[in-house]
Amino acid sequence: MFDHLTEPKSGPRIQTSPATVELFRTVDQELRQGIVSPEVFSDPELYALELDRIFARCWCFVAHESEIPMPGDYVLRYIGQDQFIVVRDEDCQVRVLFNNCTHRGSPVCRVEKGNSSHFRCPYHSWLFKNNGEWSGAPHRKKAYKKLDSAKWGLASAPHVDSVHGLIFASLDPEAPTLDEYLGGMRWYLDALLGLNEQGMRAIGEPHRWRVPANWKSGAENFMADAYHVPSLHRSAEEVGMFPGIEAGGAGPQASSRHVYFDEGHGMIINDGFLPPPWHRSGFPPEVADTFQLDRLSPDQRQFVENHSATTFLIFPNLGLVRVPASPHPDAPPTVFTYLRQWQPHGPSTIVNWNWTLGWNSASEQFNEDAYVAALSMHGPAGILEQDDTVVWGGAPVAGRSSFARKSGMRFNFQLGLDGMSDYAEDPEWRFPGRATTTALGEAPQRAFYRRWLREVSTPDSVGRTETEQ
Ligand code: FES
Ligand SMILES: [Fe+2]
């Protein structure tokens, strides 16, 4: 499968060493048995390939439209480790501009957010419009008489698009459209975020903080890991913050299942936290009454009336959580929605980014309660977040261990594989994606790592889709 490997035709030269080609072969074979090498979470060469072939190629989330509502509004964001200015230009078009000057590479914008018609580089004062075009330089008429200014604008993402306020960009000129990339996940985004025409907005600033872990550990956890909930997060139940924790897990008392796609997107569907109809449960009438289910197809309506997605992943690194939680110990639970991004910052460091989303149709009080509830669970000091980020740190440590390598240590992804449990594909599921009968399995995680392998091992074009047999 990997004998065809050549280097990319353009872009940075990332060498694929014979050892890495061998590792790809091993991962390919072992994934079929549900096992994964710890090196996948720590290897520097693999990490360089991920930046080149995953983050510089896939559609990556960069901002919420509500963060840059006016012409000139901008925020600084990352795709992989590259910094971009996400800006609404004077014609209201969203641009994703590489924040490195075309003269000598200095960042042209050094403020996290603001409003500007132009960006002036601090080094020699080259000037760029907020659509990225080269606009001027000191002594232009004497110094740059023959400069072809059309060639010296800021580099920009070739594709930018948005869905329900979420702005994505792809750095690959050959990328499919965002809708094609999302595939069946687009259907679920309508059902989760498109419930009324007023839409949602980001509340306040996104929080960001560093975690000593590999980005894939966060991604696979939000995609499908209901199994860890009653064990890792038990203390949240013990202090009264997460009553009925077994219902949120994958065991016999849970009502969780997976929906996933071979493209590496997926979600946990949980029918145990709140009674149906889900689109009204937990939301006060002031919010629920604004939901316009006639915007949805009959199938989508049936989905939101009977099922609730509690977490999801859009490959490679955008997650969402929608669960009930209380903003204060004595307050009744509300339902919060937040976005999470695991930004890679080396093979064993993530910068976590969190945006709590509020409903534009809701009161300030409702949105503030949702914000506080989201922070208390998944903010930098959130009780669930503390649990998760501590345990994710172990994978790269094992990956760096000589003992682990020499002894052939492997991580186990066999839950639900080949009769390991009653976990199976649900033939009755009539909505997009593959649904499972329970969450006591790891088929979505295996699909995630197959997508990861296809992308990271394929130099020029997006890897072909392979399904678990
Ligand atoms: S590096 Fe930007 S103007 Fe020289
Ligand atoms: Fe967790």
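The figures here come from the full heavy-atom set of this structure, side chains too, leaving out hydrogens, waters and symmetry mates. Order of listing sets the numbers, starting from 1, for every ligand and every atom in it.
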Side-chain donor-acceptor pair present, [X], [Y], cut-off under 3.5 Å:
X    : Y    : value
H207 : N354 : no
E90  : N130 : yes
W355 : E67  : yes
T337 : R322 : yes

Provide the atom name of the closest N, O or S atom of H103 relative to atom 4 (Fe) of ligand 1. ND1
Which atom, among the N/O/S set of H124, is closest to atom 4 (Fe) of ligand 1? ND1
Between the main-chain N or O of P107 and the side-chain N or O of N99, is there a donor-acceptor pair closer than 3.5 Å? no
2.8 Å cut-off met by an N, O or S atom of D225 to the Fe ion (ligand 2): no
If you count the atoms of ligand 1 from 1 in the order shown, which ones are under 4.0 Å from a heavy atom of [X]?
X    : value
C121 : 1 (S), 2 (Fe), 3 (S)
W126 : 3 (S)
Y123 : 1 (S), 4 (Fe)
S125 : 3 (S)
S106 : 1 (S)

Below 30° counts as parallel, above 60° as perpendicular, anything between as tilted: where do the rings of W452 and Y449 land? perpendicular
Got more than 12 heavy atoms from elsewhere within 6.0 Å of OH, Y227? no
Proximity to ligand 1 by part of A137, non-hydrogen separation under 4.0 Å: neither
So does E112 pair up with R208, basic N to acidic O under 4.0 Å? yes
To the nearest 10°, how many degrees is the angle H233 NE2 to the Fe ion (ligand 2) to D388 OD2? 110°
So which N/O/S atom does H228 have closest to the Fe ion (ligand 2)? NE2
May I ask you to check whether C101 brings an N, O or S atom to under 2.8 Å from atom 4 (Fe) of ligand 1? no
